[in-house]
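Per chain, numbering begins at 1; letters A, B, ... match sequence-line order.
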Number of protein chains: 2
Amino acid sequence: MPIEIPEVVIDRLPLYYRLLSRLESEGRAVVSSQELGAELGVTPAQIRKDLSYFGRFGKQGRGYSVHRLAAELRQILGLDQRWRVAVIGIGRLGRAIASYPGFEGQGFDIIWLYDASPTLIGSEIEGREVRDISQLEGDLRADPVDIGIVAVPGEVAQDVVDTLVDAHVGAILNYTPNRVQAPPEVELRHINPVLFLQSMTYHLKRVRGV
Amino acid sequence: MPIEIPEVVIDRLPLYYRLLSRLESEGRAVVSSQELGAELGVTPAQIRKDLSYFGRFGKQGRGYSVHRLAAELRQILGLDQRWRVAVIGIGRLGRAIASYPGFEGQGFDIIWLYDASPTLIGSEIEGREVRDISQLEGDLRADPVDIGIVAVPGEVAQDVVDTLVDAHVGAILNYTPNRVQAPPEVELRHINPVLFLQSMTYHLKRVRGV
DNA sequence: AAGTGTGAACAAGTTCACAGCC
DNA sequence: GGCTGTGAACTTGTTCACACTT
């Protein structure tokens, strides 16, 4: 805890947590950095160093208590609490997001859905009403959420992000292909599958003989 | 071209390309690394250095020809050709993927859809038939694709990946929360929004007073 | 005057290797 | 004997700063 923790380390923690969570449910008591690394494709030294930023959770000669380490990571990542989420944009992608059980299962409660389309507004998705996007700002002011997931058409992504920022959302996950801006105190991630495909074709081209 | 090009550089190229593509369609003739950087939140030096791995595309005192640089990146990334894609798993997410116009628009042709559910097999999505997943292996052998997009339930992700690898798919985009393995000659990327949310809550926790 | 291309300086991130503990 | 925790060595990636070109 003394010095600044590298961002890459934070990004790997959820990966470790996911595996530990699985091992925990399989009733596994103890695990070594060796085993964790083999399963995740990461060196054991990397795992030990990453964890050492947060404390000394292992026992020499034994390894890590799965239960203990999972609990520590839960605490570090804030997964011992529930987080309130709004999904903005209920097209095909937004609907897939709103229906995905993996969010609720991991402590993320999707409490509000918004769209601009009159045919969608008022309808129900997984028992939640789709609300008019024009009410987003007022709703969030009355009853804030922690995280906004943006799945609107790209052209309006920045507008939605601005509204979320004004309403003091702390984190934004942008599924839109457009890159958006937010002040540094707001956590922002982009999910753009096309960029992944395009970096993969670079390699494909080379493997498949230019 | 002389030495090995860092992986991070390849990952940034599509980002640059996307912006250049937009500038090109706006009729912009010339752009500086300064401007590109400001738009993308990257330092100008970074952009110049990244591009310098591939050639000398700029003109001192002027900047880069938008048209020329876009064409170069297209060539480098292999976006001057079309790529054949199969989507495996046509649940809500798979359907969103199969219907997303952003893939076709960028040179990725989704030519085959597969699912295991009898109610889906034989149905049509955007004019493409959903085929039985048991035919995947044979189909790919007869008529290969370059890229597989996996959107099946997590438990069967590795099986599907193994089939794709056997059928000599060159790249796999895994939308499943399960981490899968593939030999190093196959390009593999994971899209897992839950991991993003979990690293964001780490920061949220700290900003929102522990 | 403006802006690239790039070696050299610097910063960040990873792996090594081993002392120390179980 | 086995495995953690961690400085130190190394590797990778980023930024600086300036010579050079238009």
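Going from atom CZ of B/Arg92 over to atom CD1 of B/Ile97 covers 13.5 Å, rounded to the nearest 0.5 Å. Rounded to the nearest 0.5 Å, atoms CG (A/Leu36) and CG (A/Leu51) are 8.0 Å apart.
If you check every strand for non-hydrogen atoms under 4.0 Å, B/Gly58 touches sugar and phosphate atoms only.
Nearest nucleotide to the B/Thr43 side chain, out of D/dT15, C/dG3, C/dC18: D/dT15. Proximity note for A/Gln60 (side chain, C-beta onward) versus C/dG3, D/dG2, C/dT6: the nearest is D/dG2. Listed nucleotides D/dG5, D/dT14, D/dT15 differ in distance to B/Val8; the shortest reach to its side chain belongs to D/dT14. Residue B/Tyr64 has its side chain nearest to C/dT4 when only D/dT4, C/dT4, C/dT6 are considered. In this structure, of C/dT15, C/dA8, C/dT4, it is C/dA8 that holds the atom nearest to the side chain of B/Lys49. Distance from the side chain of B/Gln46 is smallest to D/dT14 among D/dT14, C/dT15, D/dC3.
OP1 or OP2 of C/dT4 has at least one side-chain nitrogen or oxygen of B/Ser33 nearer than 4.0 Å.
The nearest whole Å value for the distance from the CD atom in B/Glu7 to the C1' atom in D/dT14 is 17 Å. Here C/dT6 presents its P atom at 16 Å from CD1 of B/Ile47, a figure rounded to the nearest Å. In this structure, the NZ atom of A/Lys59 is 15 Å from the C1' atom of D/dG2, given to the nearest Å. Rounded to whole Å, the distance from CG on B/Leu13 to C1' on D/dG13 is 15 Å.
Toward the 5' end of DNA chain D, the nearer of the two residues A/Arg62 and A/Ala45, judged by each one's closest nucleotide, is A/Arg62. Looking at which nucleotide of DNA chain C each of B/Ser32 and A/Asp50 is closest to, the 5′-most match is held by B/Ser32.
A/Ala182 and A/Val165 get closest at one heavy-atom pair: CB-CG2, 4.1 Å.
Looking only at distances, a side-chain donor or acceptor of A/Ser52 sits under 3.5 Å from a matching main-chain atom of A/Lys49.
Counting distance only, with no hydrogens placed and no angle test, the side-chain atoms of B/Arg56 and the base atoms of C/dG5 include no donor-acceptor pair under 3.5 Å. Evaluation of atom-type donor-acceptor distances gives a pair under 3.5 Å for the side chain of B/Arg48 against the base of C/dG5.
For A/Glu39 and A/Arg28, the salt-bridge test fails: no basic side-chain N is under 4.0 Å from an acidic carboxylate O.
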